[in-house]
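Can you read through this structure? Questions will come right after.
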Protein chains: 2
Amino acid sequence: MQNLLSNLKITINDKLYVKDPETSELGRNILKNSIILIDEIGFEAFTFKKLGEKIQSNESSIYRYFENKHKLLVYLTSWYWSWIEYRLAFATTNVSNPIEKLEKAIRLVTENVVDDNTTPHINEEILNRIIVGEFTKTLMTKEVDNENKEGFFLVYKRVINRLIDIIKEVNPDYPYAKSLASSVVEGALHQHFLKNHLKTITNLSEKECATEFYTDMTKKILA
Amino acid sequence: MQNLLSNLKITINDKLYVKDPETSELGRNILKNSIILIDEIGFEAFTFKKLGEKIQSNESSIYRYFENKHKLLVYLTSWYWSWIEYRLAFATTNVSNPIEKLEKAIRLVTENVVDDNTTPHINEEILNRIIVGEFTKTLMTKEVDNENKEGFFLVYKRVINRLIDIIKEVNPDYPYAKSLASSVVEGALHQHFLKNHLKTITNLSEKECATEFYTDMTKKILA
DNA sequence: ACATCATGATAGTATTACTATTATATTTGC
DNA sequence: GCAAATATAATAGTAATACTATCATGATGT
């Protein structure tokens, strides 16, 4: 799997960039350091000017890769969900037992992420922190409907749909497979956020992880 | 209940405003029209200047009530959760059967909101739309921890805690009462958002409402 | 009648989110 | 090896945002 991923380029909707950042040193530098900087100062305070200073490049050069910071963030989140989708596909193929497949899938979308080292310019662990704190903001804008039509959220929906299929395999009669799948994926992000900032309204902690909560939940619901 | 609520003033953390907007005509006008304007153009595009134009008042006058638009939004969301908490308390007291109590609570935090007419300057139905689209943004900032210490999110946490208590009444042995409660409340908002914008990954629709999904979920989990 | 307070009007600042232009490297194609 | 094409850097400029500050006006209260 390591080798496969390092040979495989994750493809992102080309409406999200002006120039493909994967094709140049500067582009990859923009990706790498935008992740670090957004994590450091938050997306609201993040600007192309600050990023330019960080990578000792110019604001105007960054604009040649991305129209604006929102599209850069959607690019990064698409990258993340592609990476998840890839690992999800890999972890669940050739698993014949539906319950076992579901467990593996739930684990993958709920567990803590660690950097996978195959992509030197993307630190998945930091990227995951950005997803936890910023992903829903990419959806919750006045432009969702247009951006959805443009396919900006296709990868995310594909991840959810894979989970929907697995849920249906486990219990074809359960009437809310879609809502359950989207609840697990988005809910896990939210629980991770609560764990870090509003600890009193979550059971997650260093010991107790999201995987257990969601595995228990889905098994009972689909039983 | 109608009468009670109209006599009762919802109290908001006084660090959220410079001058209490409930104490003047202009203040109530700010509340009323900020809700309408945020719903119309979204929080990102919302500015005090635009609000001033809408209410034929001056930008500088609005700054006498709220330091910035973020605090205004946190004020509005606190108002909303206070209103929910009040109705939640009312709907669940004197209900002896825990399951019935849980059902009522779940209904209250998941169902579609309709304007309640007791507060002429707050349209709860529009406010609910703002909550669906903007609430998590008030949490997901670099200032969460400080603002949490200041008590900005106390009312929200109180709503969750009421639900936690009811969940525990139904099943004292269930180990994830906190995560379940926060999942239901935040998840319901998210499902409403999906219903309006990413319909393919939710089962909610005009017919099928969030209440059924979450009632079914919690009953199975706590059985 | 006077003081206080709320609101309005205007001006000003630093920052953001860009666009445009020109200059300077670097790559590549022949 | 050199010209042409391309990428990047530097600079300037604009409109909007998110404020702060000051002063004028008008209403209220004693």
Side-chain angles (χ1 to χ4, degrees), chain A residues 14-34 37-38 40-76 121 134 137-138 141-143 146-147 152, chain B residues 14-34 37-38 40-76 121 134 137-138 141-143 146-147 152:
Chain A
D14 60 18
K15 282 172 186 154
L16 287 171
Y17 51 78
V18 183
K19 181 185 168 175
D20 186 349
E22 295 275 2
T23 60
S24 77
E25 199 56 39
L26 177 61
R28 287 184 295 270
N29 227 262
I30 289 172
L31 296 182
K32 180 179 183 177
N33 287 282
S34 63
L37 190 54
I38 291 171
E40 275 172 19
I41 64 174
F43 186 66
E44 271 66 48
F46 171 86
T47 67
F48 282 180
K49 196 173 184 187
K50 289 175 190 166
L51 177 60
E53 279 157 26
K54 191 177 184 82
I55 63 178
Q56 277 156 290
S57 177
N58 201 278
E59 198 190 359
S60 61
S61 303
I62 300 166
Y63 275 104
R64 289 225 184 65
Y65 286 86
F66 293 100
E67 265 177 64
N68 53 54
K69 68 174 184 173
H70 175 252
K71 287 198 174 179
L72 168 57
L73 182 59
V74 179
Y75 181 99
L76 294 174
H121 60 296
E134 320 285 357
K137 293 181 196 167
T138 65
T141 70
K142 277 285 156 183
E143 292 78 37
N146 283 330
E147 295 187 352
F152 286 14
Chain B
D14 60 17
K15 282 171 187 156
L16 287 171
Y17 51 78
V18 184
K19 181 184 168 176
D20 186 350
E22 295 274 2
T23 61
S24 76
E25 199 57 38
L26 177 62
R28 286 184 294 271
N29 227 261
I30 289 172
L31 297 182
K32 180 178 183 177
N33 287 283
S34 63
L37 190 55
I38 291 171
E40 275 172 18
I41 64 175
F43 186 66
E44 270 67 49
F46 172 86
T47 68
F48 281 180
K49 196 171 184 189
K50 289 174 190 166
L51 178 60
E53 280 158 24
K54 193 179 183 81
I55 63 178
Q56 276 156 290
S57 176
N58 201 278
E59 198 189 358
S60 62
S61 304
I62 300 166
Y63 275 104
R64 288 219 186 72
Y65 286 85
F66 293 100
E67 266 177 63
N68 52 55
K69 68 174 185 173
H70 175 251
K71 286 198 173 179
L72 167 57
L73 182 59
V74 179
Y75 181 100
L76 294 174
H121 60 296
E134 320 285 357
K137 294 181 196 167
T138 65
T141 71
K142 277 285 156 184
E143 292 78 37
N146 284 330
E147 296 188 351
F152 286 15

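In the text below, chain A, chain B and the rest are named by the order of the sequence lines, each starting its count at 1. Because only heavy atoms are used, hydrogens play no part in the values below, and waters and symmetry mates are left out as well, while side chains stay in.
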Next item on the list: Can you tell me the distance, in whole Å, between the CD atom of B/E53 and the P atom of D/dA16?
Entry: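 The distance from CD of B/E53 to P of D/dA16 comes to 11 Å, rounded to the nearest Å.
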Notebook entry, point to check: For D/dT20, does either OP1 or OP2 sit under 4.0 Å from a side-chain N or O belonging to B/S60?
Noted result: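 Answer is no, no contact under 4.0 Å.
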Check: Starting at CG of B/N58 and ending at C1' of D/dA21, how long is that distance when rounded to a whole Å?
Finding: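 Result: 13 Å.
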Next item on the list: Specify the separation, in whole Å, of atom CZ of A/R64 and atom C1' of D/dA10.
Entry: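 So the two atoms are 11 Å apart, to the nearest Å.
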Check: Does a side-chain N-to-carboxylate-O contact under 4.0 Å join A/E44 and A/K137?
Finding: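 Looking at A/K137 together with A/E44, the answer is yes, because their closest N to O distance falls below 4.0 Å.
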Margin query: I need the minimum non-hydrogen distance between B/T138 and B/H70, along with the two atoms involved.
Written below: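 Where B/T138 meets B/H70 most closely, the heavy atoms are O-NE2, 3.8 Å.
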Margin query: Are the side chains of B/R28 and B/E25 in contact, using a 4.5 Å heavy-atom criterion?
Written below: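 Answer yes - side chains close enough.
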Margin query: Using side-chain heavy atoms (C-beta onward) and a distance below 4.5 Å, is A/L26 in contact with A/S61?
Written below: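 They are in contact (side-chain heavy atoms under 4.5 Å apart), so the answer is yes.
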Next item on the list: Report the distance from atom CD1 of B/I55 to atom C1' of C/dA9, rounded to the nearest whole Å.
Entry: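 Taking CD1 of B/I55 and C1' of C/dA9, I get 15 Å after rounding.
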Checklist line | Heavy-atom side-chain contact between B/L72 and B/F48 under 4.5 Å | finding: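 Yes - at least one pair of side-chain heavy atoms lies under 4.5 Å apart.
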Margin query: Rounded to whole Å, please give me the gap between CD1 in B/I62 and C1' in D/dT17.
Written below: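 Going from CD1 in B/I62 over to C1' in D/dT17 covers 14 Å.
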Notebook entry, point to check: Would you call B/Y75 and B/K71 a side-chain contact if the rule is heavy atoms closer than 4.5 Å?
Noted result: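 Answer no - side chains too far apart.
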Note to self: Counting only heavy atoms and a strict 4.0 angstrom limit, can you tell me which residues of residues 14-27 of chain B come near DNA chain D?
What the structure shows: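 Heavy-atom contacts with DNA chain D come from no residue of residues 14-27 of chain B; none.
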Next item on the list: Produce a footprint string for nucleotides 12-18 of chain C: one letter per nucleotide, 5' end first; B if the base is under 4.0 Å from any protein heavy atom, S if only the sugar-phosphate is, - if neither.
Entry: ----SSB
Check: At under 4.0 Å between heavy atoms, what does B/F66 touch on the DNA or RNA strands: base, sugar-phosphate, or nothing?
Finding: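 No contact.
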Next item on the list: Give a yes or no answer on whether the side chain of B/K69 reaches the backbone of B/F46 with a donor-acceptor pair at less than 3.5 Å.
Entry: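 Yes, because the side chain of B/K69 sits within donor-acceptor range (under 3.5 Å) of the backbone of B/F46.
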Next item on the list: Evaluate the side-chain proximity of A/L76 to A/E134: yes if any heavy-atom separation is below 4.5 Å, no if none is.
Entry: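 Not in contact.
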Note to self: Taking 4.0 Å as the cut-off, does a side-chain nitrogen or oxygen of B/Y65 come that near to OP1 or OP2 on C/dA6?
What the structure shows: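 Checking C/dA6 against B/Y65, no side-chain N or O comes under 4.0 Å of OP1 or OP2.
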Notebook entry, point to check: Taking NZ, NE, NH1 and NH2 as the nitrogens, is one of them in B/E40 or B/K50 under 4.0 Å from a carboxylate oxygen of the other?
Noted result: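 Salt bridge: no.
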